[in-house]
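In what follows, a single structure is set out as structure tokens and then discussed.
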Amino acid sequence: MFTRKTTKTLILLILILFTLSNADGDELYCISLKREFKISSNIHYGIMDADFEVKNAELYNVLHKPRGWVMVVYKEKDGSGVVSGGALVFAGSVRLKFFYDDFVVIKKKSGVKLDDIKLTLQLKTDEEKTGENTYDFTNKDLNIRKCKNRPY
């Protein structure tokens with residue numbers, strides 16, 4: 001058996017090694033739409049459909065589901081995935097500000113740079129003057145920040 005001092009040293013060493021091994025490990029990032037993008041001023045009319053896709057990271061959690069929407073989540077074995085959803089009727093449409101709040105969490109894998117993660121968000125609207133329109137957003141249009149205080 002180990003002496004008390006040896007046991008304490010081993011426990012301390014295990015804790016240090018565990019901390020170091022997780023320091024560059026998987027990290028969680030919250031995703032939201034930036035408020036300063038430049039598209040139609042009419043987009044505040046109903047958003048009927050949304051598709052969010054993540055590549056080179058894991059789709060970890062969907063934080064909110066709009067009331068009246070049907071959502072489908074598809075994940076590949078590597079964690080990449082798609083969240084698709086839409087309103088069944090116009091009354092279930094959401095405003096753009098819904099996507100200003102964190103709406104999904106992704107998990108960055110160790111060894112993958114944040115720049116290598118590809119995110120796309122496609123929103124389909126039913127606008128008053130122009131009818132249906134589709135807007136595509138990529139990483140540059142999204143806030144990608146480390147999640148704090150485990151919001152999920």
Side-chain angles (χ1 to χ4, degrees), residues 11 14-152:
I11 290 172
I14 290 170
L15 288 173
I16 291 171
L17 290 174
F18 179 76
T19 303
L20 291 175
S21 69
N22 285 330
D24 188 38
D26 300 338
E27 297 173 327
L28 298 179
Y29 287 84
C30 292
I31 310 300
S32 63
L33 185 62
K34 290 181 181 177
R35 296 173 189 252
E36 57 272 349
F37 62 88
K38 305 288 188 241
I39 62 170
S40 167
S41 61
N42 294 327
I43 196 170
H44 62 274
Y45 292 101
I47 296 172
M48 298 295 293
D49 295 293
D51 295 305
F52 177 79
E53 184 174 3
V54 58
K55 293 182 181 175
N56 298 328
E58 181 181 343
L59 180 60
Y60 189 77
N61 196 2
V62 178
L63 296 176
H64 314 295
K65 177 181 115 18
R67 198 174 229 169
W69 278 42
V70 174
M71 303 288 285
V72 176
V73 177
Y74 177 77
K75 273 177 80 169
E76 296 283 347
K77 287 182 181 180
D78 68 354
S80 297
V82 177
V83 177
S84 294
L88 297 175
V89 295
F90 184 76
S93 66
V94 295
R95 303 257 187 225
L96 187 62
K97 67 181 181 178
F98 175 85
F99 295 95
Y100 291 158
D101 293 330
D102 297 330
F103 61 91
V104 72
V105 176
I106 63 169
K107 188 175 189 179
K108 184 180 103 42
K109 297 178 183 178
S110 58
V112 175
K113 295 178 184 174
L114 196 56
D115 292 340
D116 294 334
I117 297 172
K118 302 297 178 215
L119 306 174
T120 58
L121 173 65
Q122 184 179 73
L123 301 177
K124 294 179 185 170
T125 66
D126 188 4
E127 297 177 23
E128 184 177 58
K129 297 177 183 174
T130 58
E132 288 186 17
N133 283 312
T134 301
Y135 298 96
D136 295 307
F137 303 96
T138 59
N139 291 42
K140 67 180 176 23
D141 306 306
L142 300 168
N143 293 312
I144 305 166
R145 60 175 185 76
K146 284 189 181 181
C147 295
K148 295 180 181 175
N149 302 328
R150 302 180 68 91
Y152 32 86

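Computation of the quantities below employed the complete heavy-atom set of this structure, encompassing side-chain atoms and omitting hydrogens, waters and symmetry-equivalent molecules.
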Query raised in the report: Short question: side chain of N139, backbone of I117 - any donor-acceptor pair under 3.5 Å?
Result: yes
Query raised in the report: Backbone N or O of L114 within a donor-acceptor pair of the K108 side chain at under 3.5 Å?
Result: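 No; judged by distance alone, with no hydrogens or angles, the pair does not exist.
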Side-chain contact, heavy-atom cut-off 4.5 Å: [X] with [Y]?
| X | Y | result |
| --- | --- | --- |
| I47 | S93 | no |
| F103 | V83 | no |
| K34 | K140 | no |
| L142 | L33 | yes |
| D101 | S32 | no |
| W69 | V94 | yes |
| L123 | L96 | yes |
| F99 | F137 | no |

Report task. Mind checking salt bridge (charged side-chain N to carboxylate O under 4.0 Å, His left out) for E53 and listing every partner two or more places apart, or none if nothing turns up? Result -> K55
Requested in this report: Taking salt bridge (charged side-chain N to carboxylate O under 4.0 Å, His left out) as the test, write out the residues that go with K65, two or more places apart.
Outcome: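 K65 satisfies salt bridge (charged side-chain N to carboxylate O under 4.0 Å, His left out) with no residue once adjacent residues are dropped.
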Report task. Just do the side chain to side chain donor-acceptor pair (under 3.5 Å) check on T125 and N133 with the steps written out, would you? Result -> CA-CA 5 Å; T125 66; N133 283 312; 4.6 Å; no
As an exercise, state the distance from [atom1] of [X] to [atom2] of [Y], rounded to the nearest 0.5 Å.
| X | Y | atom1 | atom2 | answer |
| --- | --- | --- | --- | --- |
| I106 | L59 | CD1 | CG | 9.0 Å |
| Q122 | D136 | CD | CG | 4.5 Å |
| L121 | T138 | CG | OG1 | 10.0 Å |
| N61 | C147 | CG | SG | 9.0 Å |

Query - Pairs meeting criterion side chain to side chain donor-acceptor pair (under 3.5 Å) with involvement of residues 77-86, two or more places apart - result: D51-S84, D78-S80
Query raised in the report: Between V62 and M71, which heavy-atom pair has the shortest distance, and what is it?
Result: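 Closest approach of V62 to M71, heavy atoms only: CG1-CE, 4.4 Å.
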Report summary line: side chain to side chain donor-acceptor pair (under 3.5 Å) test vs E58 passes for just one of K107, K109, K75, namely K75
